[in-house]
Amino acid sequence: MPSVTLKNQIQMPLLGFGVLRMKDPEECERCVEAALDAGYRMFDTAASYGNEEAVGRALNRAVKAGKVRRDELFVITKLWITDAAEALARQGFETSLRKLQMDYIDLYLIHQPYRDYYGAWRTLEKLYREDLARAIGVSNFSPERLVDLCMNTEIPPMVNQIELHPFYHQDRAIKVMRELGVQPQAWAPLCEGLKNIFSNRTLEKVGKKYGKSAAQTALRWNIDRQVSVVLRSSQREHMEEDMGLWDFQLSEADQKAIDPLDLGYSEILDYENPCIARMFNQCCRKGETE
Ligand SMILES: NC(=O)c1ccc[n+]([C@@H]2O[C@H](COP(=O)([O-])OP(=O)(O)OC[C@H]3O[C@@H](n4cnc5c(N)ncnc54)[C@H](OP(=O)(O)O)[C@@H]3O)[C@@H](O)[C@H]2O)c1
């Protein structure tokens, strides 16, 4: 599995498997097992997804069965807004660790740029120093919030996981991350299946040249700009198809052909809209998760 080197020199796979909305534990375990069989080694969950236990069960079972070694896995989980404060963050981390039944997390992220994320970050720095998290980072941080965080912390984030797909390029955000040495990671690299991405004419046309599908073309487009991606699928055939990225590379002209697809805004979750900050804070007061 090709990987990228994070600022602290650890390797993070370029492709991983996410489990958003896999609320049913049995279904989640089945998908994680199928993804392992298809060759995925990076798994992305979150406290708010409500499935860390199921992910942990499937991964630990595979380790015990000798299918994979723990050090071959790259496990990502995230601190939810309710625990985004200096004292609460440790409790949030320990709960995730216990649910996953693991001794350490490969990458621990602050899930949202809300509430006391500076306080939470200080706790993440401690977790990193204690070797409980091999790498630490953030998610959904806009360029200016990221610059500010990087300039006011002892250990700057190593990763920022944000929405990135052919309909939302976020070139400026990626440029800022590169300048800061923060590795971009894409969530919803397949735009959650919206906007008819799998039958998009441009993606199909580009992909056809390489004998690849629109989904593979969309994923490879991010990989070619050295963006790590985490995708979700409940179907073995799709998991295998999405893994078929390593025998081709988009030419410069084909990358340019994808440029016009960029809307310049998100149709999934618009972080520039103040209502989103209000919504997340209100959910958090009511104790709701995603
Ligand atoms: N940090 C954050 O705030 C944040 C936010 C959102 C997501 N995430 C992470 O990113 C991961 C991926 O994003 P996502 O789950 O939102 O969406 P996504 O991966 O962009 O899209 C998932 C959809 O694509 C379909 N799909 C996958 N491969 C396909 C293929 N080859 N052909 C046709 N359909 C295909 C899946 O359907 P099938 O089940 O039928 O294959 C599913 O409906 C999440 O699971 C989560 O781990 C993080």
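As the structure lists them, so they are numbered: ligands from 1, and atoms in each ligand from 1. What you are looking at is a predicted structure, and each value in this text was computed from that prediction instead of being measured.
Counting only non-hydrogen atoms, the option in Gln112, Glu241, Arg232 that gets closest to atom 42 (C) of ligand 1 is Arg232. With atom 20 (O) of ligand 1 as the reference point, the heavy atom nearest to it among Leu190, Val229, Leu269, Ile76 is part of Leu190. When the heavy-atom distances from atom 40 (O) of ligand 1 to Gln235, Glu240, Glu237 are ranked, the shortest goes to Gln235. Residue His238 holds the heavy atom nearest to atom 32 (N) of ligand 1 of all those in Arg21, Met22, His238, Gln161.
Close contacts of ligand 1 with Val230, meaning ligand atoms under 4.0 Å from a residue heavy atom, involve 10 (O), 11 (C), 12 (C). Proximity to Asn140 (heavy-atom distance under 4.0 Å) selects the following atoms of ligand 1: 1 (N), 2 (C), 3 (O). Each of the atoms 45 (O), 47 (O) of ligand 1 lies under 4.0 Å from some heavy atom of Val19. The ligand atoms of ligand 1 that sit less than 4.0 angstrom from a heavy atom of Gly18 are 45 (O), 47 (O). Ligand-side atoms of ligand 1 in range of Ser234: 38 (P), 39 (O), 40 (O), 41 (O), range being under 4.0 angstrom from any heavy atom. Listed by number with element, the atoms of ligand 1 under 4.0 Å from a non-hydrogen atom of Ser233 are 27 (C), 38 (P), 39 (O), 41 (O). Ligand 1 places these atoms under 4.0 Å from at least one heavy atom of Leu231: 12 (C), 19 (O). Under a 4.0 Å criterion applied to the non-hydrogen atoms of Asp44, ligand 1 contributes the atoms 9 (C), 46 (C), 47 (O).
With sequence neighbours excluded, no residue forms a ring-ring contact (aromatic ring centres under 6.0 Å, His included) with Tyr271. Partners of Arg225 under the side chain to side chain donor-acceptor pair (under 3.5 Å) rule, at least two apart in sequence or in another chain, are Asp171, Asn222.
Only the side chain of Ala215 comes within contact range of ligand 1, with a heavy atom under 4.0 Å; no backbone atom does. Here Pro189 has heavy atoms under 4.0 Å from ligand 1 in both its backbone and its side chain. Residue Ile268 does not touch ligand 1, judged by heavy-atom distances below 4.0 Å. At a heavy-atom distance under 4.0 Å, only side-chain atoms of Phe198, from C-beta outward, approach ligand 1. By the criterion of a heavy-atom distance under 4.0 Å, the side chain of Ser139, and not its backbone, is placed next to ligand 1. Residue-level proximity to ligand 1 for His165 is absent, since no heavy atom of it falls below 4.0 angstrom.
The number of heavy atoms from other shown groups lying within 6.0 Å of CD (Glu26) does not exceed 12. No more than 12 heavy atoms of other residues, nucleotides or ligands sit less than 6.0 Å from atom CD of Glu272. Heavy atoms of other residues, nucleotides or ligands lying less than 6.0 angstrom from CZ of Arg61 number more than 12. A 6.0 Å sphere centred on CG of Asp270 holds more than 12 heavy atoms belonging to other residues, nucleotides or ligands.
The closest approach between any non-hydrogen atom of Lys78 and ligand 1 is below 4.0 Å. Not close to ligand 1: Gln216, with no non-hydrogen atom less than 4.0 angstrom away. At least one heavy atom of Tyr49 sits closer than 4.0 Å to an atom of ligand 1.
Between Asp106 and Arg70, at least one side-chain N (NZ, or NE/NH1/NH2) sits under 4.0 Å from a carboxylate O, which counts as a salt bridge. Salt-bridge check for Lys78 with Asp83: failed, with every basic side-chain N at 4.0 Å or more from each acidic carboxylate O.
One finds the CG atom of Leu100 at 8.0 Å from the CG atom of Leu59 (value rounded to the nearest 0.5 Å). Atoms OH and CD1, from Tyr128 and Ile155 in turn, are 6.5 Å apart once rounded to the nearest 0.5 Å.
In this structure a side-chain-to-backbone donor-acceptor pair under 3.5 Å is present from Arg145 to Pro113.
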(message) Using the rule given for salt bridge (charged side-chain N to carboxylate O under 4.0 Å, His left out), can you reason through Glu33 versus Lys67, listing the C-alpha separation, both sets of side-chain angles and the distance that settles it, and then say yes or no?
(response) CA-CA 10 Å; Glu33 270 168 20; Lys67 266 193 191 175; 5.7 Å; no
(request) For Arg98 and Glu94, run salt bridge (charged side-chain N to carboxylate O under 4.0 Å, His left out): C-alpha distance rounded to whole Å, both residues' side-chain angles, the deciding distance at 0.1 Å, then the answer. (result) CA-CA 6 Å; Arg98 180 174 43 77; Glu94 282 171 357; over 6 Å; no
